[in-house]
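Since this is a predicted model, take the numbers as computed values, not measurements.
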Amino acid sequence: MNQSEILEPKEWYNKIVQNINKVFFGKENVIRKIIIAILSKGHVLLEDVPGVGKTILSRAIANSIEASFSRIQCTPDLLPADILGVSIYNPKAVSYTH
């Protein structure tokens, strides 16, 4: 999609779905919910059995809106800090100004 091209919301949605359907077909309800989450600046966690196309769908959506794509393989022992990192408070590194 050309960045200078301004589309009505319905046209924009239809182009995104049409582009995604080139590589992933049959779950328009899921696609609609993901687009709603993107527009509302939310997050999406795709859970399903292996081999149903979660990664393909995610990559297709990212490519359709010219966004970056990365994938996390979740395991039962995965913690938020494993993904986001941690902050460690170091009082010696804190500078106080009055």
Side-chain angles (χ1 to χ4, degrees):
M1 201 174 335
N2 189 346
Q3 287 183 344
S4 64
E5 185 179 359
I6 298 176
L7 300 172
E8 293 295 319
K10 187 165 181 104
E11 291 175 298
W12 180 84
Y13 172 80
N14 288 335
K15 274 198 160 200
I16 297 282
V17 172
Q18 184 179 36
N19 197 40
I20 294 166
N21 280 331
K22 291 178 184 176
V23 294
F24 187 86
F25 184 75
K27 294 205 177 189
E28 189 166 337
N29 190 35
V30 174
I31 295 168
R32 182 178 55 82
K33 289 177 182 179
I34 292 171
I35 291 173
I36 290 169
I38 291 168
L39 292 174
S40 62
K41 297 182 181 180
H43 299 271
V44 177
L45 174 63
L46 297 175
E47 291 182 301
D48 208 336
V49 296
V52 295
K54 298 177 295 290
T55 301
I56 292 171
L57 172 61
S58 301
R59 187 175 286 123
I61 290 172
N63 288 339
S64 296
I65 62 172
E66 298 178 1
S68 62
F69 169 81
S70 60
R71 179 180 181 276
I72 298 170
Q73 179 69 41
C74 293
T75 59
D77 62 339
L78 184 71
L79 298 172
D82 297 331
I83 299 167
L84 302 174
V86 294
S87 296
I88 299 173
Y89 175 69
N90 181 355
K92 293 180 182 177
V94 176
S95 64
Y96 297 99
T97 57
H98 295 252

> With sequence neighbours excluded, what pairs up with L84 under the side chain to side chain contact (heavy atoms under 4.5 Å, CB included) test?
Replying inline: none
> Under the side chain to side chain contact (heavy atoms under 4.5 Å, CB included) test, which residues partner N63, sequence neighbours left out?
Replying inline: R59
> Side chains of I61 and F69: closer than 4.5 Å at any heavy-atom pair?
Replying inline: no
With sequence neighbours excluded, what pairs up with [X] under the side chain to side chain donor-acceptor pair (under 3.5 Å) test?
{"X": "T75", "value": "D77"}
{"X": "E11", "value": "none"}
{"X": "E8", "value": "none"}
{"X": "D82", "value": "none"}

Throw together a table of side-chain donor-acceptor distances under 3.5 angstrom for residues 30-52, partners on residues two or more places apart or in other chains.
| from | atom 1 | to | atom 2 | distance (Å) |
| --- | --- | --- | --- | --- |
| R32 | NH2 | N29 | OD1 | 2.6 |
| S40 | OG | I36 | O | 2.9 |
| S40 | OG | A37 | O | 3.2 |

To the nearest 0.5 Å, tell me how far [X] [atom1] sits from [Y] [atom2].
{"X": "I56", "Y": "F24", "atom1": "CD1", "atom2": "CZ", "result": "7.5 Å"}
{"X": "S64", "Y": "I16", "atom1": "OG", "atom2": "CD1", "result": "5.0 Å"}
{"X": "L78", "Y": "I83", "atom1": "CG", "atom2": "CD1", "result": "4.5 Å"}

> Between S68 and A62, what is the shortest heavy-atom contact and its length?
Replying inline: O-CB, 3.7 Å
> Between the side chain of N21 and the main-chain N/O of V17, is any donor-acceptor distance below 3.5 Å?
Replying inline: yes
